[in-house]
Every structure is written in C-alpha cells, then in structure tokens.
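To start, the structure itself, in structure tokens.
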Amino acid sequence: DQFLGSWEPPGVRMRASATLGLTLSEALSAFDYSGDCTYDGRESYEDEVYAGELDLYSNCGAAGSTFIILAAQPADGSHLVILEVQLVTDADVEALERILGSFIVTG
C-alpha cells in the first residue's frame, strides 16, 4: 500500500494483458507523473524476450525517488507487459537490473 500511495518506499508492480489493445506508446501515455516528478524522457528497451519503450521520471516527491515505467511486448505481440519500478536508494538501482533481467509472463 505504501508503494502505491507515496514516493518513499521502493517497489515494483507488473501488469500483463493479452487483450488491452494499446500500442506501447499509448500504454505509456496512460501514465503521467510529471506533476510529482521531472520527466526525463522516453527510451527504447530490448532484451532476449521483450522489446518496448520506457519512461523515466526523477525527483519524485519529497523523497526524490526515481520512477520507471516500461511497456513491452514479445516478438509475437501476444501480450503487453507494463512494469513500474520505484527506486529510492542505490540498492534499488541494482535491484532494477535484476528485475529487468528476469521478468517474464507465462501461461
């Protein structure tokens, strides 16, 4: 609950849908935290399974957290993944690397 309601705790949330029907850009545009954060731009993302885009926000709230939103799809376009990660400390940056290197939708 704290992760969903404030900028202080680190956290991660992953959502996936095979029926959402949004493009990657549309999915990212559904999220706008520029009122609480500095928007640092959109970057391409690609790993062994997923390709997409991510939005990067910094200086979020009083904690000055970093917030990343990734929208990605596998090559077959079978589903859309939205990954939200809130980083507060340097340890969270290390955790981000593990999160990006291990998330996958099965089933």
Side-chain angles (χ1 to χ4, degrees):
D1 287 343
Q2 290 179 350
F3 164 68
L4 298 176
S6 72
W7 296 110
E8 284 80 25
V12 61
R13 176 169 47 180
M14 186 171 120
R15 305 176 208 194
S17 174
T19 61
L20 197 56
L22 297 175
T23 67
L24 298 173
S25 292
E26 289 170 339
L28 286 176
S29 294
F31 300 89
D32 181 5
Y33 297 106
S34 59
D36 293 329
C37 309
T38 301
Y39 179 62
D40 294 325
R42 185 165 289 178
E43 299 178 10
S44 296
Y45 174 84
E46 188 171 350
D47 63 27
E48 294 175 3
V49 179
Y50 293 98
E53 299 176 322
L54 63 85
D55 280 350
L56 178 63
Y57 293 88
S58 61
N59 299 314
C60 299
S65 301
T66 298
F67 198 77
I68 295 168
I69 303 169
L70 169 67
Q73 293 179 309
D76 67 4
S78 61
H79 59 277
L80 172 69
V81 175
I82 299 174
L83 188 67
E84 300 168 79
V85 184
Q86 187 162 292
L87 313 168
V88 181
T89 68
D90 289 340
D92 303 330
V93 175
E94 292 177 27
L96 173 64
E97 291 177 26
R98 294 188 71 170
I99 292 165
L100 293 177
S102 64
F103 79 94
I104 193 161
V105 174
T106 60

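Heads up: numbering here begins at 1 and tracks the sequence.
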Looking at side-chain heavy atoms only, is the closest gap between [X] and [Y] below 4.5 Å?
X	Y	result
L28	I69	yes
F67	L56	no
L83	F103	yes

Q: With sequence neighbours left out, write down each residue that passes side-chain contact (heavy atoms from CB on, under 4.5 Å) with A30, or none if nothing qualifies.
A: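 Expected list: none.
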Q) Given the rule in the side-chain contact (heavy atoms from CB on, under 4.5 Å) test, do L87 and I68 qualify, once you have shown the distances and angles that lead to the verdict? A) CA-CA 8 Å; L87 313 168; I68 295 168; 3.9 Å; yes
Applying disulfide (SG to SG under 2.5 Å) as the test, list every pair that has at least one member in [range]; sequence neighbours left out.
range	value
residues 77-107	none
residues 38-76	C37-C60
residues 71-107	none

Please check if [X] and [Y] belong to a single hydrophobic cluster, counting links between Ile, Leu, Val, Met, Phe, Trp and Tyr side chain heavy atoms closer than 4.5 Å.
X	Y	result
F31	L100	no
I104	V12	yes
V105	L20	no

**Q.** Qualifying salt bridge (Lys or Arg N to Asp or Glu O under 4.0 Å) pairs, either residue in residues 61-70, two or more places apart
**A.**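 Listed by first then second residue: nothing to list.
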**Q.** Within residues 19-38 or reaching into it, pairs that qualify as salt bridge (Lys or Arg N to Asp or Glu O under 4.0 Å) - sequence neighbours excluded
**A.** none
Pairs flagged by side chain to side chain donor-acceptor pair (under 3.5 Å) wherever [range] is involved - sequence neighbours left out:
range	value
residues 74-85	R13-E84, R15-E84, Y50-H79, D76-S78
residues 88-97	T89-D92
residues 52-64	S25-E53, Y39-D55, D40-S58, R42-D55

(Q) I need the minimum non-hydrogen distance between Q86 and P9, along with the two atoms involved. (A)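 Where Q86 meets P9 most closely, the heavy atoms are NE2-O, 2.6 Å.
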**Q.** Nearest atoms (heavy-atom pairs only) where L24 meets G52
**A.**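 Nearest heavy atoms, L24 then G52: CD1-CA, 3.5 Å.
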Q | Steps toward side-chain contact (heavy atoms from CB on, under 4.5 Å) verdict (W7, V88) | A | CA-CA 8 Å; W7 296 110; V88 181; over 6 Å; no
Sequence-distant partners of [X], side-chain hydrogen bond (donor to acceptor under 3.5 Å, both in side chains), two or more places apart:
X	answer
S6	E8
S44	none
E43	none

Q: Could you walk me through whether I82 and M14 pass the side-chain contact (heavy atoms from CB on, under 4.5 Å) test, one step at a time?
A: CA-CA 6 Å; I82 299 174; M14 186 171 120; over 6 Å; no
Q: Kindly determine whether L70 and V81 satisfy side-chain contact (heavy atoms from CB on, under 4.5 Å), including the steps that lead there.
A: CA-CA 8 Å; L70 169 67; V81 175; 6.0 Å; no
